[in-house]
Amino acid sequence: MKLEEFLRLNAPEDLAALTAAVAKASLEVWGSIPFKTGLLEETNPSGEAQKAIDVYSNDVFVEALIATGHAAEVASEEMEEPVESKGGVSVAMDPLDGSSNVETNNPLGSIFGFYSDRLPASGRRLAGALYVTYGASLTLTFSFGKGVHRFVALREGAGTSFQLFGVGLKLPEKPEVYGFGGSRSEWIPAVARFWDSFDGRGLRNRYCGTFVGDYNQVLARGGIFSYPALVKRPKGKLRVLYECAPMAYINEQAGGYASDGSGNVLDIEPRALAETSPLYIGSAGLVHEIEKSISPT
Ligand code: AHG
Ligand code: MN
Ligand code: MN
């Protein structure tokens with residue numbers, strides 16, 4: 001089944017249009033990656049150096065989302081302020097996740113949260129979420145609240161279409177992989193202890209340095225990804241609106257749990273657009289285990 005048909009049958013009109021627009025724009029971003037690896041002078045609102053691909057993908061997605069007429073605003077980790085428009089859905093996006101990996105051709109991603117309230121808003125106000133994985137293949141993984149579904153880009157002659165790859169994706173029962181960002185010496189002690197506990201538990205350490213790539217394999221194999229609280233960065237690195245909440249929404253729809261170390265990521269009420277949070281996401285058992293060890297009460 002093609003994406004447009006699936007969306008017509010399984011999504012409200014606004015989310016269907018926004019998802020189709022992201023799908024089309026993601027092909028343009030994918031094709032541009034090899035040519036946009038340069039570092040720019042500017043920094044993003046989180047103070048991180050911007051790459052040409054960060055800004056280019058931001059502009060491609062903003063234009064595509066606004067053109068649908070369904071975006072009330074588009075907020076991005078690459079922009080100080082949202083772009084205002086007239087639709088009913090507030091879109092928050094990480095237009096290119098993992099841009100520090102562009103030169104090494106590691107998997108990259110784009111993350112979108114479709115919020116029903118003006119931003120900043122809690123993950124409980126998400127009506128849907130989507131992530132693009134730019135890897136050996138380009139896949140769209142999304143949910144509008146009725147399970148997690150995946151489409152894959154298929155090149156046919158001159159054109160590319162999106163074909164159904166899977167519906168109702170669920171985290172496997174048995175967790176298999178774990179991957180933690182930052183380095184052990186930076187982590188808060190409870191995270192270092194949890195990491196050490198993996199010795200002998202039969203899970204494999206799988207980490208590629210791109211949140212989307214690292215989470216995508218947790219969804220397929222079960223386990224846990226974390227960009228944890230650091231001693232020097234107790235609020236972690238990943239942004240609530242653009243990265244943590246949309247992925248936590250999808251993960252919960254796939255039967256998992258995502259914590260900020262003391263409770264559900266979806267319950268965070270971010271006060272600022274670029275607010276960050278520690279993130280522990282994946283198989284519910286493992287995430288509850290580390291949450292209890294960080295916040296024993
Ligand atoms: P982004 O490229 O959107 O800023 O995200 C990068 C994030 C995330 O993808 C990854 O998990 C993390 O940064 C890796 O951080 P370090 O490079 O500090 O390990
Ligand atoms: Mn990014
Ligand atoms: Mn990111």
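Counting starts at 1 for both ligands and their atoms, in listed order. On a predicted model such as this, the values are computed, not experimentally measured, just so you know.
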Tell me whether R206 is salt-bridged to E176, with the criterion being a basic N under 4.0 Å from an acidic carboxylate O. no
L96 heavy atoms within 4.0 Å reach ligand 1 at atoms 2 (O), 3 (O)
Any Y215 heavy atom less than 4.0 Å to ligand 1: no
Atoms of ligand 1, numbered as shown, that sit under 4.0 Å from any heavy atom of Y207: 14 (C), 19 (O)
As a quick check of understanding, evaluate ring-ring contact (aromatic ring centres under 6.0 Å, His included) for F180 and Y207, giving each step before the final call. CA-CA 7 Å; F180 281 47; Y207 182 73; 8.9 Å; no
Heteroatom N/O/S of P95 within less than 2.8 Å of the Mn ion (ligand 2): no
Which one of V102, L108, T104 satisfies the side chain to side chain contact (heavy atoms under 4.5 Å, CB included) criterion with N106? T104
Which ligand 1 atoms does K237 reach within 4.0 Å, using its non-hydrogen atoms? 12 (C), 13 (O), 14 (C), 15 (O), 16 (P), 17 (O), 18 (O)
What atoms of ligand 1 come within less than 4.0 Å of a heavy atom belonging to E48? 4 (O)
Walk me through whether R150 and T141 qualify under side-chain hydrogen bond (donor to acceptor under 3.5 Å, both in side chains). CA-CA 4 Å; R150 176 168 293 153; T141 306; 2.8 Å; yes
Could you check atom 7 (C) of ligand 1 against the protein and tell me its nearest heavy-atom contact, residue, atom and distance included? L238 CD2, 3.8 Å
Provide the number and element of each atom of ligand 1 under 4.0 Å from a heavy atom of S99. 2 (O)
Minimum-distance N/O/S atom that D94 presents toward the Mn ion (ligand 3): OD2
Any salt bridge linking E252 with R124? Criterion: basic side-chain nitrogen under 4.0 Å from a carboxylate oxygen. yes
Do any of the N/O/S atoms of E77, backbone or side chain, fall under 2.8 Å from the Mn ion (ligand 2)? yes
Geometry at the Mn ion (ligand 3) - D97 OD1 versus E243 OE2 angle, rounded to 10 degrees: 110°
Min heavy-atom dist E78 to ligand 1 below 4.0 Å: no
